[in-house]
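The next block holds one structure in the form of structure tokens; read it before the comments.
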Amino acid sequence: ERAAEEASGREYMRTLDDVMGKAKNRMSLASWALDSNITQYNEDKLLQVSLEIADEEKEYWKETMTYAWHEFYDEDLKRMFKKYSVLGTSALPEDLNQRLIQAINNMKSTYAKATICDYNEPTKCDLTIEPGVTEIFANSQDADELKHAWLEWHKAAGAASKADFTEYVNMYNEAAKLNGFDNVAEWWLGEYETSDIEEQLANLWSQVKPLYEQIHAYVRRHLRLKYGDDVVPAKGPIPAHLLGNIWAQTWSGVEKFTKPFPDKPDVDVTDALVKQNYTPLKFFEMSEDFFKSLNLSGMPELFWERSIIEKPNDGRDMVCHASAWDFFDGEDFRIKQCTTITNAFFKTTHHEMGHIQYYLQYKDQPIIYRAGANPGFHEAVGDVISLSVATPKHLKLVGLLEDGPDDNESNINQLYKMGLDKIVFLPFAYLLDIYRYGVFRGATSPNDYNCHFWQLRESIQGIEPPAPRSENDFDPAAKYHVSADVEYMRYYISYIIQFQFQRSLCQLAGQYSAGDSSQLLSNCDIYNSTSAGNALKNMLKLGSSKPWPDAMEAITGQRDMDASGVMEYFQPLYDWLKQENERTGEHIGWESSKIQYC
Ligand SMILES: C=C(C[SeH])C(=O)N1CCC[C@H]1C(=O)O
Ligand SMILES: [Zn+2]
């Protein structure tokens, strides 16, 4: 009896997976059309396609639930049924689903179309987030210009979306309940298939926090020396607008004037990229070359034909935030990014190409398994490649860095530059979803949205707003992922596990051995290593067909996430920062802010 039930379940699953593949293809095409050209027509089309697909998914879901899949012996078949048993937002009645889709489209459109006026040219008011606002924070060292841009962007892209965000939270929580979750936070956390995930995430933060406090203290000192005591308090949080990034999520924008040994050659290759006439296409070709050097896949022809790798200059509104797309037909994979020739975009290109590589490696899995082992894995693939590309060794190999000294001081400068990206990012990523869990759980209500956000920004990240804030502001939506309904703990996890991956792949590549200071983890380049590439490939091919500890084991030999990789990578910098902050008598940590924001 049960065998017969499983046999028919297996047959049904084949049909369902085929239908869902076509539905996801239609969804991807409609979403791509809107994100790459924001018009009323494309918005209406996406809404219509979404509602049609929701109806179809609801019908199939009813049939899926008629199977006694909980009792199945076949673990794999059970896993597929379990994943399909979560219907998602299609569980909402059509009118509520329409309100949810509309709220998200409104926020994404507000964010994409938001503009600010130039501080020095007040009639020039066409600065969007990319490239305009991003370039101000990458280049300006004028505290007043930075404060202006920060306040204007947070008004145009943040406050404007407060009502839509509240609607989104209410509708999304309704959907969560219809899927058997108390709220969206439990649904998002459930994706990690780990019962104590929140505790694990908190433990990871407690392991890396001392390292963060050291780099925070060091950067605060150098900003205080540059901008003065009244702008940067000696023991207080750091004002968010001075950190070289509109969200203060990574601080490489201040690297050039805060680095430990200023007389050593620059490690930021933006100038070299420009001088050598690099183009967006060259970025992508170099990234493809790296993946092929690992015995991984090159890009299919369609990828080059259909990707958008530069912001079109036809004046259209579009979502510029970089993204990689799977069209679930095994052939159509694309990237959409508004590339400019900078070090940051060189890195982002590898990040996005890592997503495409994952899509290519699991394209023969059932549709339901075409996802990362967990969302953090998907964000880590490209970054692992970037860890090799960013080494002076590799940059010299490709002619982007002159032959310079590789003495200890240069190594500290290099680690410092990496730390402004990888260490600094951790508290930002962690707090963004701690905040949203609180909102979805109802611990944060609409009249304390902004107050609670800045309480977390101060307590976890040690930064403060450049001016007083109120509940007329809604600063979280000034960050793309909050406006676009993209979960963010995936990046926090990625920035931990990518160092575990790198350590294992470097061992396989013969580029690293524990304790051997002549083979530092931070100087390892896995380029051309097929043994490293094959280990990576074996993990990528799994998709989400197995619980993520199996995928972690496939590549590292251990089953859990831990911070030992990132701590090992940055150990020399950590030692140097402790000694330097000791030498200058810098206060470690921060006292409470004097800025009024609750
Ligand atoms: C590049 C992407 C697309 Se998945 C991105 O959103 N990232 C990559 C780094 C963290 C996060 C961000 O920009 O906030
Ligand atoms: Zn990504």
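Indexing begins at 1, ligand by ligand and atom by atom, following the structure's order.
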inquiry  = Would H481 count as a polar contact of ligand 1, with the cut-off being nitrogen or oxygen pairs under 3.5 Å?
reply    = yes
Structural part of Y480 in contact with ligand 1, heavy atom criterion under 4.0 angstrom = neither
message = I'd like to check whether E352 has a polar contact with ligand 1, where a contact means an N/O of the residue lying under 3.5 Å from an N/O of the ligand.
response = no
query = Between the main-chain N or O of F290 and the side-chain N or O of S293, is there a donor-acceptor pair closer than 3.5 Å?
reply = yes
note = Quick note on ligand 1: atoms under 4.0 Å from a heavy atom of A322 include exactly 3 (C)
query = Any side-chain donor-acceptor pair under 3.5 Å between D562 and S564?
reply = yes
message = Is it true that K311 and T128 share a donor-acceptor pair across their side chains at a distance under 3.5 Å?
response = yes
inquiry  = Taking 4.0 angstrom as the limit and counting only heavy atoms of Q249, give me the atoms of ligand 1 inside it, by number and element.
reply    = 12 (C), 13 (O), 14 (O)
inquiry  = On the six-membered ring of Y495, is K422 placed so that its NZ or CZ lies under 6.0 angstrom from the centre and within 45° of the ring axis?
reply    = yes
key: H355 neighbourhood, listing ligand 1 atoms whose heavy-atom distance to it stays under 4.0 Å   = 4 (Se)
Donor-acceptor side-chain pairing of S161 and Y168 below 3.5 angstrom = no
key: Numbered atoms and elements of ligand 1 in range of E379, under 4.0 angstrom, heavy atoms   = 4 (Se)
request  = Return yes or no for this condition: an N or O of K479 is under 3.5 Å from an N or O of ligand 1.
outcome  = yes
query = Counting from 1, what ligand 1 atoms have a heavy atom of Y488 closer than 4.0 Å?
reply = 10 (C), 11 (C), 12 (C), 14 (O)
query = Contact between W247 and ligand 1, counting heavy atoms under 4.0 Å?
reply = no
ask   = Cation-pi between R220 and W590: NZ/CZ under 6.0 Å from ring centre and within 45° of the ring axis?
value = no
request  = Report yes if H321 has an N/O atom closer than 3.5 Å to an N/O atom of ligand 1; otherwise report no.
outcome  = yes
key: Angular separation of E379 OE1 and H351 NE2 about the Zn ion (ligand 2), given to 10°   = 90°
message = Looking only at the side chains, is there a donor atom on one of N450 and D473 sitting less than 3.5 Å from an acceptor on the other?
response = no
ask   = Would a distance-only check, ignoring hydrogens and angles, find a side-chain to backbone donor-acceptor pair under 3.5 Å from Y480 to V319?
value = no
ask   = To which protein heavy atom is atom 9 (C) of ligand 1 closest, and what is the distance rounded to 0.1 Å?
value = Y495 OH, 3.8 Å
Shortest protein heavy-atom distance from atom 4 (Se) of ligand 1, along with the residue and atom involved = Y491 OH, 3.1 Å
ask   = Can you tell me how far the CD atom of Q502 sits from the CD1 atom of I497, to the nearest 0.5 Å?
value = 13.0 Å
request  = Please name the atom of H355, restricted to N, O or S, that is closest to the Zn ion (ligand 2).
outcome  = NE2
ask   = Distance-only, no hydrogens or angles: does the S494 side chain make a donor-acceptor pair with backbone N or O of E379 under 3.5 Å?
value = yes
